[in-house]
Amino acid sequence: MRLSRYFLPVMKESPAEAQIVSHKLMLRAGLVRQQAAGIYAWLPLGTRVLHKIAQIVREEQDRAGAIELLMPTLQSADLWRESGRYDAYGPEMLRITDRHDREILYGPTNEEMITAIFRDAARSYRDLPRTLYHIQWKFRDEVRPRFGVMRGREFLMKDAYSFDLDEQGARHSYNRMFVAYLRTYARMGLRAIPMQADTGPIGGDLSHEFIVLAPTGESEVFYHKAWEQDRSLDVDADDAAALQAFVGGLTADYAATDEKRDEGREREAGEALRTSRGIEVGHIFYFGTKYSAAMGLKVQGPDGSDVVPQMGSYGIGVSRLMGAIIEASHDDKGIIWPEAVAPFKVGLINMRADDAACAAAADDLYQKLSDAGVEVLYDDRDERGGAKFATMDLIGLPWQIVIGPKGLANGVVELKRRATGEREELSAEAALAKVAGR
Ligand code: ATP
Ligand code: MG
């Protein structure tokens, strides 16, 4: 992509309305623009990152055996009356009346809808187990939308729902998601700690929140220092017993949110107990037959009698993750994208757009990078070098390649790693091989 033809409105100054660094950087780097309180337009650069985050989430869901579908954002109020949640949900639900005076709502979550869809189709135990998921916009009329996309009113969520024949199966589905979540966050360069959590209005008795440590996080959390190290996630998720033992082993180390603190376990942790603030990037629940029983979902069991499926639900805050990644990875110059979610892999800077030799060399390398399948943002604008460097550092692409007249005379370009600031001079061919080879 040539920057001269792109749409990247960056801001020099820190916007006054933003309190935390990720919000400031998302506005400054031209990722999002607020349209109303807690409602954002995703600009081209932000859209690319959002899609990359969603794709990692999707791949790990698929790997865990979950099946993707897509449910609508709008739902009928009657569906929610079946579970009793239409009245219970409160003012966070955006309720709308259509032209025929029918009550609809913008979905804050999808337990009711997926239960109805499954109820209409599932007949026997052979239709179980299944886990279905979608990646779809949600609306919650939060009292205090803040921190940009961290606590929006409209936000993108991955929500999955599992249906099992019995409790043992449901726990296996839960454990699968547990590990899939840890893998998902690790791929984005994040360490998220699973913490014992309250089940809240979704109900049920087993629940974990996945928390990324950050001083700006909204939750206060307590954990054993063992969680500060990376954990191996190497386990065969098809083997229910092995998986249960693996998850049990992980959760043997204490970690809990404020609502679920356990004095006994904290005393046990002793000196190793840590406290911090954190960002909730996911939340998983096992809630048994809460929705299936209320909504009349049943299938024929192996012995011919009716079975009410056991369910769980599993959310990941896809749009919130972008804020969390930036909180975890930035410096005073801007964002430092982990390669897996970077909007482009390389920023190519032509220092002197008015110099024919520089322009020819930069155009040529741009073409070669593109041909090699490398996602490259080419700053071909007629701007000062200093402004170009500042923009590249702000938007945080993992690699920068700088072409200038001096280097060119010596047959070299400069390759810079954004994360470390490390620079080296090498031929354009060698730079190409290096960024394309990784
Ligand atoms: P919170 O405690 O932060 O309000 P929640 O418990 O209401 O979240 P869930 O219903 O578990 O959230 O939703 C699943 C995930 O969706 C959360 O873990 C979070 O990452 C994300 N999420 C929830 N609310 C918002 C929001 N207002 N803006 C952005 N992401 C959100
Ligand atoms: Mg929660």
Side-chain angles (χ1 to χ4, degrees), residues 32 34-42 47 50 54 57-58 61 66-123 127 130-145 149 151-163 199-204 283 285 287-299 306 308-320:
V32 291
Q34 184 176 300
Q35 301 307 305
I39 300 177
Y40 289 84
W42 296 81
T47 302
L50 194 63
V57 170
R58 176 177 289 119
Q61 290 294 296
I67 308 158
E68 187 170 14
L69 79 172
L70 184 58
M71 293 177 270
T73 54
L74 297 175
Q75 308 186 23
S76 89
D78 284 340
L79 184 62
W80 283 65
R81 290 198 172 95
E82 288 189 43
S83 69
R85 275 210 297 183
Y86 189 66
D87 294 323
Y89 212 89
E92 275 199 6
M93 179 184 280
L94 179 63
R95 299 159 204 258
I96 307 163
T97 308
D98 73 10
R99 67 198 298 166
H100 303 294
D101 268 341
R102 277 188 290 252
E103 293 168 288
I104 54 178
L105 58 100
Y106 195 129
T109 180
N110 284 62
E111 280 80 8
E112 282 79 0
M113 190 176 283
I114 197 75
T115 304
I117 290 170
F118 203 72
R119 179 184 62 195
D120 290 345
R123 292 286 164 263
D127 297 318
R130 292 288 187 277
T131 296
L132 299 166
Y133 77 97
H134 72 162
I135 299 175
Q136 178 62 292
W137 296 93
K138 303 291 183 288
F139 194 94
R140 294 182 186 175
D141 204 352
E142 303 274 357
V143 200
R144 234 172 280 106
V149 301
R151 183 162 298 282
R153 292 198 297 163
E154 188 188 50
F155 58 96
L156 190 59
M157 194 202 284
K158 183 286 299 179
D159 39 324
Y161 304 90
S162 62
F163 299 88
T199 51
I202 301 220
H283 198 166
F285 303 86
F287 46 72
T289 60
K290 183 176 152 110
Y291 296 93
S292 42
M295 295 180 64
L297 162 61
K298 49 185 188 302
V299 298
D306 279 349
V308 179
Q310 300 273 328
M311 292 176 60
S313 76
Y314 315 90
I316 289 185
V318 174
S319 49
R320 178 181 286 183

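What you see is a predicted model; the values in this text were computed from it and never measured.
- Checking Y40 against Q34 by side-chain atom types alone, a donor-acceptor pair falls below 3.5 Å.
- Between E142 and R151 a salt bridge is recorded (basic side-chain N to carboxylate O distance below 4.0 Å).
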### Message
Apply side chain to side chain contact (heavy atoms under 4.5 Å, CB included) to residues E154 and T73 and explain how you reach the verdict.
### Response
CA-CA 11 Å; E154 188 188 50; T73 54; over 6 Å; no
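- For the pair T97/I104, no side-chain contact is recorded, criterion being any heavy-atom separation below 4.5 Å from C-beta on.
- Side-chain contact between L69 and Y133 is absent, with no heavy atoms from C-beta onward closer than 4.5 Å.
- Side chain of H134 to backbone of M71: a donor-acceptor contact under 3.5 angstrom is found.
- A 4.5 Å side-chain heavy-atom check between M113 and P72 finds at least one atom pair inside the cut-off.
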#### Entry: Stepwise side chain to side chain contact (heavy atoms under 4.5 Å, CB included) check, L105 with L74
CA-CA 6 Å; L105 58 100; L74 297 175; over 6 Å; no
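- With a 4.5 Å cut-off on side-chain heavy atoms, I67 and R130 count as touching.
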### Task
Mind running side chain to side chain contact (heavy atoms under 4.5 Å, CB included) on R85 and Y291 for me, showing each step along the way?
CA-CA 10 Å; R85 275 210 297 183; Y291 296 93; 3.1 Å; yes
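- Shown here for T131 and A160, the closest heavy-atom pair between the two residues is CG2-CB, 4.2 Å.
- Taking all atoms of both residues into account, the shortest heavy-atom contact from R119 to G296 is CD-O, 3.7 Å.
- Side-chain N or O atoms of K298 include none that pairs as donor or acceptor with a backbone N or O of S292 at under 3.5 Å.
- One finds the CH2 atom of W137 at 4.5 Å from the CG atom of L156 (value rounded to the nearest 0.5 Å).
- Taking both residues in full, the closest heavy atoms of R153 and A37 are given as NE-O, 2.7 Å, listed atom of the first, atom of the second, then distance.
- To the nearest 0.5 Å, atom CE of residue M157 and atom CG of residue N110 are 8.5 Å apart.
- Side-chain N or O atoms of D98 include one that pairs as donor or acceptor with a backbone N or O of D101 at under 3.5 Å.
- Side-chain polar atoms of S313 and E111 form a donor-acceptor pair below 3.5 angstrom.
- Pairing each heavy atom of P309 with each of T289, the nearest pair is O-CG2, 3.6 Å.
- Put simply, the side chain of L132 reaches to within 4.5 Å of the side chain of I114, judged on heavy atoms.
- Under the 4.5 Å side-chain criterion, counting only non-hydrogen atoms from C-beta, M295 is in contact with L79.
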### Task
Report the C-alpha distance between I39 and F139 in whole Å, list the side-chain angles of each, state the deciding distance to 0.1 Å, and finish with yes or no for side chain to side chain contact (heavy atoms under 4.5 Å, CB included).
CA-CA 9 Å; I39 300 177; F139 194 94; 3.9 Å; yes
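- Ion pair R81/E112 not flagged as a salt bridge, since none of the NZ, NE, NH1 or NH2 atoms sits closer than 4.0 Å to an Asp/Glu carboxylate oxygen.
- Side chains of R140 and F155 form a contact here, defined as non-hydrogen atoms less than 4.5 Å apart.
- Scanning both residues, S83 and A294, for their nearest heavy atoms gives CA-CB, 4.4 Å.
- Proximity of the aromatic rings of Y89 and W80 is defined here by a centroid distance below 6.0 angstrom, and this criterion is met.
- Put simply, the side chain of R123 gets close to the backbone of D120: a donor and an acceptor are under 3.5 Å apart.
- Side chain of S162 to backbone of G312: a donor-acceptor contact under 3.5 angstrom is found.
- R95 places none of its side-chain heavy atoms less than 4.5 Å from the side chain of E103.
- Side-chain atoms of Y106 and Q75 include no donor-acceptor pair closer than 3.5 Å.
- Here the OH atom belonging to Y314 is positioned 10.0 Å from the CD atom belonging to Q61, to the nearest 0.5 angstrom.
- With respect to the salt-bridge test (charged N to carboxylate O, under 4.0 angstrom), the residues D159 and K138 qualify.
- Ionic pairing of E68 and R58 is present here: one or more N-O contacts between side-chain nitrogen and carboxylate oxygen are shorter than 4.0 angstrom.
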